[in-house]
Amino acid sequence: MAQTQLAILMASVALIVIGVYSAIFIDNIIKKIIGISFIEEGVNLFIVAIGYKAGGVVPILMPGMDTTWFASNAAYPLPFGLVLTSIVIGASTLAVMLALVMVLYRRYGTLSTKVMLADTSKQEEYNE
Amino acid sequence: MLEFVLCIIMVLSAILALIQKDLLKAAILTGFSGGALAVLFQILLAPDVALTQAIVGAAIVPVFIALAVKKTQRSDD
Amino acid sequence: MKLYDQIFDVVKQFKKLFSPGPVTNADVSGSITAEIFIIVSLVLSAILLRHVNVLLAALVTLILAVVLISNIPLIPKFKKEQDDSLEKMLFYAIVTLAIIVVFMYWGGNLV
Amino acid sequence: MNELIPIMVIVPLMAALLISAFSKFNKATKIFAFVVAICLPIIPLASNYGLHYFGGYAPILDNVTNVMYHPAITYSFTFLQQIFIAIVGLLTFLVVFVYLTKYKKVSGPYLFLLFLGTAAVTAMILTDDIFHMFVFFEILALAQVGIVAASSIDYSYEMALKYMILGSIGSPIMLLGIGFLLALTGSVNVTDIATAVHNGLVDITSPVFLMSLALIFFGWLYASGLPPFHTIKSGVYSKAEPHGAALLQSFTVISMISIVLIMFRIFSTLPIFEVLIVFFSILAMILGVSLALTQTDFRRMIGFLAVGELGFIGLGIGLGTTFSLTAGLFQALNEILITALLFIGFGAIVEATNEVDTRKLGGLLAYHPKVSIMLLIGGMAMAGVPPLNGFQSKLMLVQASLNCGYPELSILAIMVSIATFVVFVKTFYTMFLKPKPKDLELENKEVPRSMIFTMGVLLIIIILLGIFPDVVTTGISNFVGGIL
């Protein structure tokens, strides 16, 4: 079952690479934000894959289970707890970014990063 | 076997979302990617994470993006 | 003679740096200070390579000094590369990430 | 009285939630915020040192291997945490005070963000759990973005969005590094990880361990605003309201030292760790100060200087001896105070003149003598002029790098100090001494008295720390001896 873990790792690396690619090369700001959120998903997938145990069971102790058998067969639950937090943080970050984009769209009328988030130091320094 | 299919679905829909011209389609494809990830979490023995990811990744995030698209513009040019 | 002209030309190029507004002498002298500071400090930090290899440090220091001095004014170029546009910030962030990762993977045990 | 340790995080967090919920009642909110803000510096000073285990799960001793395991999220509270939490609490109090006196109608969300940021940095420096630190680091990033976006300065939304986009690359990368560490050791407790590394349970030459260092290091660069993030960090400072910027830079410094101390405890066995930190610190000093010299917007100039000064902290930590670490941490404390003074002082000038370009200002010494004298002393403290605290920490850093056998670094540190001084002389001349330009209209606006009070308090601490540095350095040195 090592193939499963390998495939999962490949998929998470692919997601991270897609995210990094979109951060540099995609101009539309909403698509850029979508792309960057894939980095977060890839990292989450990776961390869950750490806790996975091939042929194991879900780390919930049901009544009637043998404790020693459970301890040697259950998946490692600590990474799952971390990912839960991370998912929620990612969603809230995405929401704040989209809200800022909506405000900025009203000012610029375009979604292009080159226009919206260009260098502003010259305009504001000497506006007369 | 299922996990390979899900990995491919997830990565493919991520790529497809980024090459769409229509941003609403991109939002829906993001939901596909998040949903596939949720099922993948279930296969990886993390049902609690899968539940959260199913709600957040497959429902809330696409809705957020769709709302943002509705308030701004739909086509990417 | 060419280097002299180039050094003399530096002040004119600083004018463009503050282009929309007036150029005061304090700003120009600050920029010249920054110019000298950046050359001296980069050369000085190149000397730190002597802890790796003395010959390498001498070579790098000399080459760096020649390259930096023959390329003045440096500050307009530096400032242009570090402006506020998101593209440049993202580009440099990701280039740095790639350099750190590659350096650590292949060279992490060499030091 | 170890119950006070979690209270340090809980009080600002609860205050933040209550204020944002009941911000309709203007008067009551003001009084409540003021009372909570006064409590913030007092709680750490009244508390005893010790450890706090959340949920009461005490460490478990493994009898076979004789190793302690920490199942609970642990807060450790020592002299270092005490002094930094007290200082950030004091700064929060001063900032909230300035904010409350500036506006008649307070904004609940803004106070919420200020208190949330304070709670987040307090938790970051207290915690002994690397994932707990990451969670509060993300909360801190959101609070910082909020503080920037809430200001009324032009282009603040753009800067906030840029900071968030860069952050949403930086923090998942850091989480990935934490994941690598988790995969290697099976724990997120820093003490457990450090024990595993030092006992040889982890192969420190393995690529996974090296990659975890690389990825966490990149996250640290984002958190502390060292290059390549120096432009965005200085931009964020210049786009926040002056009192907000004073608080933002303290958040940055504290998150920087709390992450770097964790990294130091885990990775200090790798020689390359110190090389990386020193390299980026040198880069930060050179780029920060040389860019500050060319700025005409004085808020931006302070922002770049603040980033350049972070290089000194990194230098002290990168050298890796007890003395240099003490110097670096003392420099961190000084920088929080000095930069806050400068941001608030220059903010007072903005408030009085409505102008941020040094080319359009001049002759302000006659109009605002108190502010200008205090700013001059603050600038001297940052550049390292003798009786002030910046001098003490920079002298320690120079001595430390000489002791380690790197005279180049001492020369570089002195050069950066001189360049910092040049920046101040130039700015002070153009703003305060140069004849007043004809088209500059000063409608005799007074600087708010609360700002002058704040600057006075900070200045007294700066001078006291400069004359009696031993009050702080002895305790920090003991702490450093404990982690080395």
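Since the structure is predicted, the reported quantities are computational estimates derived from the model, not experimental observations. Below, chain A is the first sequence line, B the second, and so on; all start at residue 1. Side-chain atoms are counted along with the backbone in the values below, which use heavy atoms only and exclude waters and symmetry mates.
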Using a 4.5 angstrom heavy-atom cutoff, name the option from A:Leu94, A:Ile16, A:Ile29, A:Ile50 with the most pairs to chain D. A:Ile50

With a 4.5 angstrom heavy-atom cut-off, which part of A:Tyr108 approaches chain D: side chain, backbone, both or neither? side chain

Would you say CE of D:Met68 has more than 12 non-hydrogen atoms from neighbouring residues, nucleotides or ligands within 6.0 angstrom? yes

Nearest 0.5 Å, what's the OH-CZ distance between D:Tyr157 and A:Arg106? 9.0 Å

If you count every heavy atom of other residues, nucleotides or ligands that lies below 6.0 Å from D:Tyr57 atom OH, does the total exceed 12? no

Specify the closest pair of heavy atoms between A:Val43 and D:Leu176, including all atoms of both residues, with the distance to one decimal. CG1-N, 3.8 Å

Residue, of D:Gly186, D:Gly146, D:Ala149, that accumulates the most heavy atom pairs under 4.5 Å with chain A: D:Gly186

So do A:Met116 and D:Lys162 actually touch side chain to side chain, heavy atoms under 4.5 Å? no

From the list A:Thr113, A:Leu100, A:Leu117, side chain to side chain contact (heavy atoms under 4.5 Å, CB included) with D:Ile165 holds only for A:Leu117

Region of D:Leu142 in contact with chain A, defined by heavy-atom distances below 4.5 Å: side chain

Going from CD on A:Glu40 to CD1 on D:Ile173, what distance comes out if it is rounded to the nearest 0.5 angstrom? 10.5 Å

Which residue in the set A:Ile39, A:Ile89, A:Thr93 passes side chain to side chain contact (heavy atoms under 4.5 Å, CB included) when paired with D:Pro172? A:Ile39

Pick from D:Leu175, D:Val135, D:Thr231 with the largest number of heavy-atom pairs that fall under 4.5 Å of chain A: D:Leu175

I need the minimum non-hydrogen distance between D:Ser168 and A:Ile36, along with the two atoms involved. OG-CG2, 3.1 Å

Per-residue contact mode, A:Leu104 against chain D (heavy atom under 4.5 angstrom): side chain

From A:Arg107 CZ over to D:Tyr155 OH, what is the distance, rounded to the nearest 0.5 angstrom? 8.0 Å

Within-4.5 Å side-chain heavy-atom neighbours: D:Phe131 and A:Leu78: no

